[in-house]
Amino acid sequence: MRLFACILLYAGSLIVLPANGFAASHLDKFNLPRECATCHYKSNLRGGGGTEGCITCHGNPQRRVDNKKMPPGSIVNKSGMLNIEAEFFKTYRHPTFDSPGRHRYSETLPETDPKALRHADCVDCHNPHYVSKENKFAGIRAKRVVNQLTDVTRETDMCYRCHGDSANLPGKYTNKRIEFLLTNPSFHPVEGEGRNLSVISLVRPYREKKIDSADISTILCSDCHGNDDAKGPKGVHGSRNQYILVDNYNTADNIFESPQAFALCYRCHSRASILGNESFRYHSLHIQGSSIQKLGTSCFTCHNSHGSTEYKYLIKFNPLVVSPNSKGLLKYVEKGSAKFSGECYLKCHGVDHDPKSY
Ligand code: HEC
Ligand code: HEC
Ligand code: HEC
Ligand code: HEC
Ligand code: HEC
Ligand code: HEC
Ligand code: HEC
């Protein structure tokens, strides 16, 4: 392995490689014997153009055999190369191959132009010059403070480049950076430890606060979003599960509860505890339905998966299922966390809650 720490003048541009101290995978002669010339062959890449080049090596192995994009001798026959291309054939995926040709080398994210076309090329998440075994986001830059570019050091900051303060965020989506703010009444503990000290359903090693070294009290986007196949390549490329989730999560109403229906949540929250009503006394009634009519509703009807800017316990009612009550009220009132009690003002399945208390 060679460590690059040099400044190169290449095709008239100044490029500093690499700043983070890890051996960049693509600048290792053992991986890419032709180094820069491997990808910079007969053309400049100022218009982007990463994706096709990337899958020459990270796609279907036959592409390495058929290669015409790269100069002779540039591809070593390395065993164990993962087929990332195949991940993008799955139903739920980043639009890397669905909306090609939109990335620009000079762009800065989050996007400030509301009309800019949404995209996610390989090079939007991985910088080919810096990417290393230790840090797959090395060299990716994002605007934190207005117009000031800084290196992304955490996965979340990489995601917020497009799912945070982007001016071109499609209307049906929300700003994830805001949903995870530590000042919200509740949030999944991604930015820091959570606020709720008695999340009774948590399965070890997950815990509200870290006490023992084995405890896990903060999680990542990638604990929920990523490959459905745990043995396949890591990363939020594609999944058989909706919303590119690592496990199934049914968000519909009028459904049968099963370990599979809410498998994602049951990874960290005990199904027995939730359905045993250890916290919310009417969890089972809503999730499994009554003993006669065994149809229930999804966690999604009452909980947001990221955070709630309004209420505790990630409460955010799904407007497709829940509507204002007969007095026009739609709200949740919490009555002290130690007692697990509260009030709901809403209408659902024709049942008026004005309020209903627990
Ligand atoms: C000429 C072949 C080749 C091309 C082209 C190529 N890579 Fe790689 N890449 C490699 C090799 C070899 C490694 C070393 C790790 C391995 O064996 O999988 C690697 C590693 C990586 C890693 C993981 C870091 C690690 O070492 O685990 C990422 C992410 C990556 N490449 C992304 C890209 C992207 C994005 C592009 C396109 C801009 C690209 N690669 C183009 C050969 C290539
Ligand atoms: C694994 C493929 C790969 C390797 C190896 C690679 N680059 Fe690049 N390079 C790219 C891609 C892809 C882009 C466009 C990135 C973007 O749009 O964000 C790029 C962009 C650039 C640019 C700006 C655009 C242009 O074409 O002028 C420069 C300069 C550059 N690379 C220099 C280098 C140098 C110097 C090396 C060797 C030390 C190198 N690159 C090695 C893939 C590679
Ligand atoms: C360069 C931009 C970009 C980055 C960085 C990015 N995404 Fe995306 N993502 C998109 C685009 C574009 C879509 C398609 C829908 C849209 O326009 O928002 C998408 C879709 C998704 C979806 C599916 C949404 C749905 O309705 O099915 C999820 C989940 C997601 N991204 C999570 C992540 C996570 C987690 C990260 C960080 C590891 C991340 N994204 C990083 C651009 C990006
Ligand atoms: C990777 C583990 C993990 C997964 C998956 C997960 N959670 Fe959590 N969840 C946690 C942790 C850790 C906490 C504790 C946060 C705290 O102490 O405030 C938590 C807390 C909660 C809370 C209480 C938040 C509060 O502030 O009162 C709710 C509600 C919740 N999760 C619902 C869900 C639902 C619904 C799903 C499935 C969509 C889910 N969780 C999936 C780890 C997870
Ligand atoms: C505890 C699990 C969990 C974590 C952690 C998590 N997500 Fe999600 N995410 C979900 C679930 C479940 C859905 C689908 C249902 C929904 O929208 O609530 C979803 C939906 C999405 C969507 C598409 C729909 C929408 O609401 O915009 C995007 C984009 C997304 N997540 C991005 C992220 C990013 C970025 C992070 C990290 C900063 C993250 N998620 C962390 C579980 C999670
Ligand atoms: C939306 C962001 C995003 C896009 C687009 C994206 N990746 Fe990734 N990629 C990730 C994340 C997240 C990981 C997991 C990083 C980690 O291990 O923490 C990853 C991991 C990888 C790895 C290492 C996998 C492993 O198991 O070691 C390779 C190789 C890779 N990506 C190549 C690519 C290539 C090639 C493309 C384009 C065809 C691409 N990625 C597009 C986010 C992305
Ligand atoms: C009808 C609305 C509703 C539905 C549906 C619902 N919940 Fe809840 N949930 C609540 C309320 C209200 C609370 C707050 C209880 C309290 O006062 O502490 C809560 C609390 C929680 C908590 C925090 C306390 C604990 O038990 O650890 C978790 C985790 C949780 N719910 C997970 C889930 C999961 C997972 C599902 C789906 C399988 C689900 N909920 C379905 C209303 C709902």
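Whatever order the structure lists them in is the order used to number ligands and atoms, beginning at 1. This structure is a prediction, so every number in the text was calculated from the model and none was measured.
Put simply, no part of Glu278 is less than 4.0 Å from ligand 7, judged by heavy atoms. By the 4.0 Å heavy-atom criterion, Leu220 is counted among the residues contacting ligand 5. Not a single heavy atom of Asp223 sits closer than 4.0 Å to an atom of ligand 5. Note on ligand 5: Thr156 sits in its first shell, one or more heavy atoms being nearer than 4.0 Å.
Coordination check, Cys299 versus atom 8 (Fe) of ligand 7: failed, since every N/O/S atom of the residue sits at 2.8 Å or beyond. Among the atoms of Cys224, no N, O or S atom is found under 2.8 Å from atom 8 (Fe) of ligand 5. Between atom 8 (Fe) of ligand 5 and His306 there is an N/O/S contact shorter than 2.8 Å.
If you check which protein heavy atom lies closest to atom 1 (C) of ligand 3, you get Cys162 SG, 2.6 Å.
One option in Phe262, Tyr266, Phe280 has a heavy atom closer to atom 13 (C) of ligand 7 than any other, and that option is Phe280. Of the candidates Arg267, Lys172, Gln242, His225, the one placing a heavy atom closest to atom 10 (C) of ligand 5 is His225. Among Val199, Asp253, Ile274, Asn318, the residue whose heavy atom lies closest to atom 28 (C) of ligand 7 is Ile274.
Counting heavy atoms of neighbouring residues, nucleotides and ligands inside a 6.0 Å radius, atom NZ of Lys356 does not exceed 12 of them. Under a cut-off of 6.0 angstrom, the local environment of NZ in Lys210 is crowded, with over 12 non-hydrogen atoms contributed by other residues, nucleotides or ligands.
For His303, the N/O/S atom at the shortest distance from atom 8 (Fe) of ligand 7 is named NE2.
With a heavy-atom cut-off of 4.0 Å, Glu257 does not touch ligand 7 at all. If you look at Cys221 next to ligand 5, the close heavy atoms, those under 4.0 Å, come from the backbone and the side chain alike.
Side-chain rings of Phe88 and His237 approach one another, their centers coming within less than 6.0 Å. In summary, the aromatic rings of His306 and Phe180 are positioned with their centroids under 6.0 Å apart. When ring centroids are compared, Phe340 and Phe280 stay outside the 6.0 Å threshold.
Centred on atom 8 (Fe) of ligand 3, the angle running from His94 (NE2) to His163 (NE2) is recorded as 180°, rounding to 10°.
Considering backbone and side-chain N/O of Asp124, none are found under 3.5 Å from N/O of ligand 3. Backbone and side-chain nitrogen or oxygen atoms of Tyr173 are examined, and one is located within less than 3.5 angstrom of a nitrogen or oxygen of ligand 3.
Under 4.0 Å is where a charged nitrogen must lie from a carboxylate oxygen, and between Lys331 and Glu310 no such pair does.
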